[in-house]
Q: 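Right, I'll just put the structure down here and ask away after.
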Amino acid sequence: MLYSAGFGDPRTWGTGLVEDLASRGYVVVTVDHTYEASEVAFPDGDLATSVFPALLAQPGLDMSALLRRMLQSRVDDTRSVLDRLAGLRHDERLPAGLAASLDLDRIGMVGHSGGGSAALQTMHDDPRLKAGVNLDGQLHFSNPDGSGVQLPLPTAAEDGLTRPFLLMGTQDPESGSYHRQPGWDALWRHSTGWHADVTLTGSRHGSYTDAQSLLPQLARQGAISGTDLTGAVGDVPPDRAVSATRSYVASFFDRWLRGHDDHLLDGPSPRFPEMVYER
């Protein structure tokens, strides 16, 4: 299993979900994207820090062009990781038995925000990924001139996918059901593989990350305001958001990588009435 974090975030921002997947028997490789994550340490000791603060401070920045470049870089990073996985079978630094447990014929990827977009685009570009979950990652780009004219979509949305994927949206103003997002809608219409869409009621963009667990604790200590908290993770109860995220991601990958179907993704579930399901 591969995990990719959101735009400018470190891979550690998904620790809770990654640990849950590992506890279920998945071997999880988390990916930091060089010059995008806050810092990336290389084996020789070099440290690459994020270039985003300087980029975002530039006047007249074409954010759509930056996001397109970011998506392609993330796909390239992910494919590089896939290239290296076979070598892990012979890496003596791994714990005994871990290398032998790798099944490179059944690889899935989950990502949040830009990481979710990258998961689906990598599925489109590389057949080694068999299934993918997009946690609130857009697949469309806004025109920088504000004209409202639709820019070309990523090829994953234009062509669709032939392998299974799950879209998990939030009630952030720029998210929601696939009907509300041109990239997700195009992907839905053009795909022939199994796919479903769920939206977590009361959530915001950060609800599928560790922010959902950590920020409420900081708010109780007065470190962040209630307004900032709601803007980041909404008003969904943290325990429900965490449980839903872990359950739906695990159910999807268990079904499509392991052949174990708990039927959570068959339709709306009484276990999670806060999840709006579309198929």
Side-chain angles (χ1 to χ4, degrees), residues 1-53 55-56 66-67 69-85 87-88 91 93-95 98 102 104 107-123 125-126 128-129 131-138 165-166 168 170 205-215 218 232-233 241-242 245-246 248-250 252-253 257:
M1 187 75 64
L2 304 185
Y3 174 82
S4 175
F7 181 75
D9 291 338
R11 58 193 171 93
T12 50
W13 209 218
T15 297
L17 177 59
V18 165
E19 288 185 339
D20 181 73
L21 287 168
S23 76
R24 299 172 188 265
Y26 289 98
V27 178
V28 188
V29 178
T30 58
V31 183
D32 264 334
H33 300 281
T34 310
Y35 301 117
E36 186 187 328
S38 52
E39 63 277 321
V40 175
F42 290 91
D44 62 2
D46 285 349
L47 188 69
T49 57
S50 177
V51 301
F52 275 170
L55 282 174
L56 296 177
L66 177 61
L67 291 174
R69 183 175 179 183
M70 177 205 74
L71 179 59
Q72 185 57 57
S73 295
R74 282 169 168 260
V75 171
D76 293 341
D77 288 346
T78 304
R79 300 186 76 177
S80 177
V81 171
L82 291 170
D83 291 341
R84 297 294 299 273
L85 288 179
L88 293 180
D91 194 328
R93 295 171 297 179
L94 292 180
L98 180 58
L102 296 177
L104 301 185
I107 303 175
M109 182 171 176
V110 55
H112 172 254
S113 191
S117 306
L120 299 190
Q121 186 61 47
T122 306
M123 279 184 64
D125 295 351
D126 198 311
R128 288 175 291 183
L129 281 186
V133 175
N134 180 349
L135 303 172
D136 213 32
Q138 291 184 354
F165 65 88
L166 175 65
M168 295 183 65
T170 67
H205 190 56
S207 293
Y208 294 132
T209 72
D210 288 350
Q212 184 67 77
S213 300
L214 299 177
L215 295 190
L218 294 176
V233 296
V242 170
T245 303
R246 294 179 177 183
Y248 276 83
V249 171
F252 173 82
F253 286 119
L257 296 183

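Residue numbers start at 1 and run along the sequence shown.
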Q: Applying salt bridge (Lys or Arg N to Asp or Glu O under 4.0 Å), name anything that partners D77, two or more places apart in sequence or on another chain.
A: none

Q: Side chain to side chain donor-acceptor pair (under 3.5 Å): which pairs involve residues 5-23, sequence neighbours left out?
A: R11-T30, R11-D32, D20-R24

Q: Do side-chain atoms of S207 reach the backbone of V233 as a donor and acceptor pair under 3.5 angstrom?
A: yes

Q: Checking H33 now: which residues fulfil ring pair (Phe, Tyr, Trp, His ring centres under 6.0 Å) with it, not counting sequence neighbours?
A: none

Q: For the atom pair CG (L120) and CG (D125), what is the distance rounded to the nearest 0.5 Å?
A: 11.0 Å

Q: To the nearest 0.5 Å, tell me how far Y26 OH sits from L257 CG.
A: 5.5 Å

Q: With sequence neighbours excluded, give me every salt bridge (Lys or Arg N to Asp or Glu O under 4.0 Å) pair touching residues 36-53.
A: E36-R74

Q: With rounding to the nearest 0.5 angstrom, report the OG1 to CG distance, T122 to L82.
A: 7.5 Å

Q: Between A37 and S50, which heavy-atom pair has the shortest distance, and what is it?
A: O-CB, 3.3 Å

Q: Among all residues two or more places apart in sequence or in another chain, which pass the salt bridge (Lys or Arg N to Asp or Glu O under 4.0 Å) test with D83?
A: R128

Q: Can you name the residues that form a side-chain contact (heavy atoms from CB on, under 4.5 Å) with S213, not counting sequence neighbours?
A: V242

Q: Between M1 and I107, is any pair of side-chain heavy atoms under 4.5 Å apart?
A: no

Q: Do L47 and V40 pass the side-chain contact (heavy atoms from CB on, under 4.5 Å) test, and can you show the C-alpha distance, the side-chain angles, and the key distance before you say yes or no?
A: CA-CA 6 Å; L47 188 69; V40 175; 6.0 Å; no

Q: Using modelled atom types and a 3.5 Å cut-off, is there a donor and acceptor pairing between side-chain atoms of S80 and backbone atoms of D76?
A: no

Q: Show the nearest heavy-atom pair for residues A118 and M109, with the distance to one decimal.
A: C-CE, 4.4 Å

Q: List for me each residue that meets ring pair (Phe, Tyr, Trp, His ring centres under 6.0 Å) alongside F52, sequence neighbours excluded, and say none if there are none.
A: F7

Q: Who passes side chain to side chain donor-acceptor pair (under 3.5 Å) against R79, sequence neighbours left out?
A: D126

Q: I'd like to check the ring pair (Phe, Tyr, Trp, His ring centres under 6.0 Å) partners of F165; sequence neighbours left out, ordered by chain and number.
A: H195

Q: Could you report the tightest heavy-atom contact between G206 and A211, atom names first, then the distance?
A: O-CB, 3.8 Å

Q: T170: what forms a side chain to side chain donor-acceptor pair (under 3.5 Å) with it, not counting sequence neighbours?
A: D136

Q: What do the steps show when you test L21 against V110 for side-chain contact (heavy atoms from CB on, under 4.5 Å), and what is the final call?
A: CA-CA 11 Å; L21 287 168; V110 55; 4.2 Å; yes

Q: I'd like to know whether L85 forms a side-chain contact (heavy atoms from CB on, under 4.5 Å) with V29, so could you lay out the CA-CA distance, the side-chain angles of the two residues, the decisive distance to 0.1 Å, and finally the verdict.
A: CA-CA 9 Å; L85 288 179; V29 178; 3.9 Å; yes

Q: What are the two closest heavy atoms between G6 and S113, and how far apart are they?
A: CA-CB, 3.8 Å

Q: So which atom in F42 and which in A48 form the shortest heavy-atom distance, rounded to 0.1 Å?
A: CE1-CB, 3.8 Å

Q: Does T209 have any side chain to side chain donor-acceptor pair (under 3.5 Å) partners at least two apart in sequence or in another chain, and if so, which?
A: none

Q: How long is the span from the CG atom in L71 to the CG atom in L66, to the nearest 0.5 Å?
A: 11.5 Å

Q: As an exercise, state the distance from CG of L55 to CZ of R69, rounded to the nearest 0.5 Å.
A: 8.0 Å

Q: Apply ring pair (Phe, Tyr, Trp, His ring centres under 6.0 Å) to F253 and list each qualifying residue two or more places apart in sequence or on a separate chain.
A: none

Q: Are L166 and M168 close enough, and set up right, to give a side-chain contact (heavy atoms from CB on, under 4.5 Å), and what steps lead you there?
A: CA-CA 6 Å; L166 175 65; M168 295 183 65; 3.9 Å; yes

Q: Specify the closest pair of heavy atoms between A131 and M123, including all atoms of both residues, with the distance to one decimal.
A: C-SD, 3.6 Å

